[in-house]
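As the structure is a prediction and not an experimental result, all values here were calculated from the model. Heads up: numbering here begins at 1 and tracks the sequence.
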Amino acid sequence: MSAKVFFLLIAFTGLTFLTNAQTYKIVDTGQETFYDSTIYVPSISSSQPFYGQDAHYSGNQPSYTDNGDGTITDNVTGLMWTKSPDLDYDGDIDYYDKVSFDEAPLYADTMTVGGYTDWRVPTIKEQYSLIMFYGVDPSGYMGTSTSGLTPFIDTMYFDFGYGDQNAGERIIDAQFVTTTLYKGTTMGGNTTMFGTNFADGRIKGYPITPMMLYTVPKQFYAYFVRGGNNYGTNNFVDNGDGTVTDNATGLMWTKDDNGSGVLWETALSYAEASTTAGYNDWRLHNVKELLSIVDY
């Protein structure tokens, strides 16, 4: 059965003057490979099916500075991050570095990494700015060595650890804590947090209270953040012509979706051919751009 999608369209038309005012610059996904509906393909030209996918467009390219003091500055977003989730400073990233949702802000309050005292737990949108989609999902991997795996974060700058198998965890248990709670509950009434898994490249809702068969709250790795207090906050303007501009990101969106479920190939071609509101540079958004308009 072929998957169907609903979609919105975005463009940069007429928004270049907003560059200096953007408070929510979206870092590109890092995806540079092309696909048809099932497999990787070497290249796709503008005259071929599946043109207009993520790899055809380059946004704000990732740019980091290692400050040499345990901190990493994201030169695109302006956020500063702790370099490592090694909270016990023993040189290993394992289960003993993890914290619960309630413990994470207590760690942030006492941290002095880099000489700064204003560290905090990130929101899901701040945290997701770090994700890179050249990672490879290890779900289904039956081995135990992680040496050949590729996480969804730039390990040239950030230290990263998969799940601690010696503590009974799975390789994919590399979920990171945020401040963003789900407004409802999951899994039998559990309070739930949205977090990013840099092992498998997903956002999920994770119960933060003890579940059946567990006596302690769910434990998470943590990258702490400082600065950029408006990052992730939208500034929408309805242009009155079927489009909405987000002045925070500099992106323009169609106000409505296309109205029906379509195949990915159709979505790509529909976007490329759209002339909504008189603009001709519409395209299908990438996943990080789509996340920018999610209302948590």
Side-chain angles (χ1 to χ4, degrees), residues 27 29 79 81-88 92-109 111 119-133 135-141 146 149-155 158-225 231-233 287-288 290-296:
V27 183
T29 64
L79 297 169
W81 296 88
T82 52
K83 178 180 176 67
S84 179
D86 180 14
L87 296 187
D88 61 8
D92 294 322
I93 300 172
D94 55 25
Y95 179 82
Y96 300 101
D97 295 301
K98 293 187 172 184
V99 294
S100 69
F101 176 84
D102 291 331
E103 291 170 334
L106 301 179
Y107 271 85
D109 287 344
M111 291 187 72
W119 294 103
R120 55 187 171 80
V121 181
T123 66
I124 187 62
K125 290 191 175 185
E126 289 172 326
Q127 188 180 84
Y128 203 66
S129 71
L130 296 177
I131 200 164
M132 289 288 106
F133 280 94
V136 178
D137 181 2
S139 299
Y141 170 59
T146 61
L149 302 180
T150 306
F152 290 74
I153 193 167
D154 191 340
T155 54
F158 293 92
D159 296 340
F160 173 79
Y162 286 95
D164 186 351
Q165 297 174 83
N166 291 328
E169 292 188 321
R170 303 166 300 170
I171 285 176
I172 63 170
D173 284 326
Q175 305 92 354
F176 280 72
V177 67
T178 76
T179 61
T180 307
L181 290 176
Y182 179 48
K183 296 300 183 181
T185 59
T186 62
M187 301 178 72
N190 285 283
T191 302
T192 298
M193 177 208 79
F194 288 105
T196 306
N197 188 328
F198 290 106
D200 64 16
R202 303 171 190 171
I203 286 178
K204 289 183 181 178
Y206 300 104
I208 61 172
T209 49
M211 299 180 292
M212 187 182 305
L213 303 180
Y214 294 89
T215 59
V216 297
K218 170 70 177 174
Q219 303 291 293
F220 303 94
Y221 288 131
Y223 293 120
F224 296 98
V225 70
Y231 190 84
T233 302
V287 64
K288 293 177 80 169
L290 180 61
L291 179 92
S292 77
I293 62 170
V294 174
D295 182 357
Y296 280 95

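Side-chain N or O atoms of D97 include one that pairs as donor or acceptor with a backbone N or O of L87 at under 3.5 Å. The main-chain N or O of F224 is found under 3.5 Å from a side-chain atom of T82 such that the two form a donor-acceptor pair. Using modelled atom types, one side-chain atom of Q219 and one backbone atom of P217 make a donor-acceptor pair closer than 3.5 Å. Of the possible polar contacts, one joining the K288 side chain to the S129 backbone as a donor-acceptor pair under 3.5 Å is found.
For Y162 against P151, the heavy-atom pair with the smallest separation is OH-N, 3.2 Å. Scanning all heavy atoms of the two residues, the minimum distance from D164 to Y95 falls at OD2-N, 3.0 Å. Closest heavy-atom contact between I93 and S84: CD1-OG, 4.0 Å. Heavy-atom minimum distance, T178 versus T123: CB-C, 4.0 Å. When all heavy atoms of V121 and A108 are compared, the pair lying nearest together is N-CB, 4.3 Å.
Using the six-membered ring where Trp is involved, F160 and F176 have ring planes that are parallel, under 30° apart on the 30 and 60° scheme.
Side-chain contact between I208 and S100 is absent, with no heavy atoms from C-beta onward closer than 4.5 Å. When side chains are defined from C-beta on, L181 counts as touching M193, because their heavy atoms get closer than 4.5 Å. Between L149 and I171 there is a side-chain heavy-atom pair separated by less than 4.5 Å. Between F194 and Q127 there is no side-chain heavy-atom pair separated by less than 4.5 Å.
The ring of F158 has its center closer than 6.0 angstrom to the ring center of Y223.
In this structure, T196 OG1 and Y221 OH are separated by 15.0 Å, a value rounded to the nearest 0.5 Å. Here CD1 of I172 is found 14.0 Å from OG1 of T146. Values are rounded to the nearest 0.5 Å.
Cation-pi geometry between K98 and F220 is not met: the NZ or CZ atom fails to fall both under 6.0 Å from the ring centre and inside 45° of the normal.
Results of the side chain to side chain donor-acceptor pair (under 3.5 Å) test with T209 over T191, N190, D102 single out N190 as the only residue that passes. Residue Q175 forms a side chain to side chain donor-acceptor pair (under 3.5 Å) with just one option from R202, K204, K218, and that option is K218.
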